[in-house]
Amino acid sequence: MDLDAFRGELDSWLDDHDAELRPPDSHRFDDHMAHLSTVKRLTYDASFMRWGWPESVGGLGGSTLLRGYLGGGLTARGLVEPGIYSMTEVLVPTMIDYAPPGLAAEMVPRQLRGDETWCQGFSEPSTGSNLGALACRATRSSGGEWRVTGQKVWTSLAQFAQRCVLLTRTGSPEDAHRGITAFFVDMDSPGITVRPIRTMHGVDEFCEVFFDDVAVPHDRMLGAEGQGWAVAMDLLPFERSTALWHRGAYLHRKLSDLLAAAPEGSLSAADVGAVIEQLYAFRARSRATQYRMAAGEKLGAETSIDKLMLGMAEQALYDVAAAALAPALLAGDDPESEGWRSEYLYSRAATIYGGSSEIQRNIVARRLLDLGPEV
Ligand SMILES: Cc1cc2nc3c(=O)[nH]c(=O)nc-3n(C[C@H](O)[C@H](O)[C@H](O)COP(=O)(O)OP(=O)(O)OC[C@H]3O[C@@H](n4cnc5c(N)ncnc54)[C@H](O)[C@@H]3O)c2cc1C
């Protein structure tokens, strides 16, 4: 299916099914997770969710642009929150590229249809940016399976997840990034403990996850032993491409909402103009990334520019919103201002998750501009 035909069909389907797809009038995170499953199932059953994914994993083929348009449509209409929706875009491409084909064929449809939630177990206490130093250890037992012991932190949605894409150390610490191996782990395995962490915007979005001698079958390895760094480096550009395109669509909607909600005289044309400039600059950049991906180009370090621009645009938007809506945000006693306050606080994380802005600038300096090693 080409993009124009997809757009036409999707837009009229979304118009017709708006009532079923609308999120609950609730601030509870688990209500929104349940709603996300419903939206994924409905869009999967109507085939839209399957376009842009290979037939080998239950998709219908076609350009990856179709996935971008679907997520952009759902987020721009306020039907799903982009952070939780886009986890599919972060983790599924990695499964397709690195999981044994039978495992990907079995698991990916469950993720696309909303039957399962997956999480990304990369960050650890003291090794968020310095991922190559991670310590969660996997050792091979005499029976051939792997035993995992260690801790992850900031693992989004782990309390809802059935599976985890997990980075472990299988070599010695001196091997740094060469001694890392990735696994696809069942979250109900004995020995896993999940403890939610409350964010400053009042949501249990991420967790600490403890692994105590957890058995993982050998056929759950993603890629080869010692190839975990390549898995991570291939995954992160996906986190910084289609997922960000969806977020950009959502931010355009929030800008419109702000223009409607701001009291008369509370917005300056210059401030709004600066936000529009940043949002459109990001969208133009992200659109080009979508087209490069659709043309089969391998994404890499240049997606750090997309991530930097998104973080700046998002925070600029919510800074202007916070100034314009300050009395309501500070009072925080009506559901509408509660929404803006919570989103303002969450926007502070935009320069942290998916790799902090300082780290993105290091990547741009070292890998794109060749400005020499870090001192
Ligand atoms: C909302 C949210 C969701 C997240 N979800 C997940 C998830 O699902 N899975 C997961 O694995 N992780 C997740 N993370 C973790 C995220 O990837 C890390 O927070 C991020 O990579 C930064 O690592 P850190 O928190 O350990 O900070 P640190 O690495 O300790 O960094 C602290 C500060 O030092 C700066 N810094 C560090 N090293 C350098 C350097 N070399 N040069 C310049 N500055 C430097 C950083 O930019 C930062 O400002 C999430 C984070 C957030 C906020």
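Numbering of ligands and ligand atoms starts at 1, following listing order.
- The N/O atoms of Glu124, backbone and side chain alike, include none that comes under 3.5 Å of an N/O atom in ligand 1.
- Annotation: Gln120 places an N or O atom under 3.5 Å from an N or O atom of ligand 1; distance criterion only.
- Contact analysis puts Glu205 in contact with ligand 1, with a non-hydrogen atom separation below 4.0 angstrom.
- A salt bridge does not link Glu343 with Arg341: every distance from a Lys NZ or Arg NE/NH1/NH2 to an Asp or Glu carboxylate oxygen is 4.0 Å or more.
- On a distance-only criterion, Ser356 and ligand 1 share at least one N/O pair closer than 3.5 Å.
- Residue contacts with ligand 1: Gly128 is placed with a nitrogen or oxygen under 3.5 Å of a nitrogen or oxygen of the ligand (distance criterion only).
- Of the protein's non-hydrogen atoms, the one nearest atom 5 (N) of ligand 1 is Ser156 OG, 2.8 Å.
- Side-chain atoms of Gln120 and Ser156 include no donor-acceptor pair closer than 3.5 Å.
- The pair Asp306-Arg283 does not meet the salt-bridge criterion, since no charged nitrogen lies less than 4.0 angstrom from a carboxylate oxygen.
- Aromatic ring orientation, Tyr346 versus Tyr353: parallel (interplanar angle below 30°, classes split at 30° and 60°).
- Checking only distances, Thr155 never comes within under 3.5 Å of ligand 1, N or O to N or O.
- Side-chain contact annotation: His246 with Thr75, donor-acceptor N/O pair under 3.5 Å absent.
- At the shortest separation from atom 52 (C) of ligand 1 among protein heavy atoms lies Tyr353 CB, 3.5 Å.
- Inside a 4.0 Å radius of atom 42 (N) of ligand 1 there is at least one protein heavy atom.
- For the ring-ring contact (aromatic ring centres under 6.0 Å, His included) with Phe206, the lone residue among Phe160, Phe122, Trp154 that qualifies is Trp154.
- Those atoms of ligand 1 that come under 4.0 Å of a heavy atom in Ile359, given as number and element, are 38 (N), 39 (C), 40 (C), 41 (N).
- A cation-pi arrangement is absent between Arg220 and Phe184 under the rule of less than 6.0 angstrom and at most 45 degrees off the ring axis.
- Within the listing of ligand 1, atoms 19 (O), 20 (C), 53 (C) sit less than 4.0 angstrom from a heavy atom of Ile352.
- In plain terms, the two heavy atoms of Arg67 and Pro93 that are nearest each other are NH2-CG, 4.1 Å.
- With a heavy-atom cut-off of 4.0 Å, Asn362 touches ligand 1 through its side chain alone.
- The shortest contact between atom 44 (N) of ligand 1 and any protein heavy atom is with Glu358 CB, 3.5 Å.
- Salt bridge annotation for Arg41-Asp115: absent, with no cationic side-chain nitrogen under 4.0 angstrom from a carboxylate oxygen.
- Among Trp154, Tyr346, Trp118, Phe122, the residue whose heavy atom lies nearest to atom 4 (C) of ligand 1 is Trp154.
- For Tyr344 and His201, the ring centers sit 6.0 Å or farther from each other.
- Put simply, atom 32 (C) of ligand 1 has no protein non-hydrogen atoms near it, under 4.0 Å away.
- Ion pairing between a basic and an acidic side chain is recognised when a charged N comes within 4.0 Å of a carboxylate O; Arg7 and Asp2 show no such pairing.
- The protein heavy atom nearest to atom 27 (O) of ligand 1 is Ser129 OG, 4.2 Å.
- Among protein heavy atoms, the minimum distance from atom 16 (C) of ligand 1 is reached at Ser123 OG, 3.7 Å.
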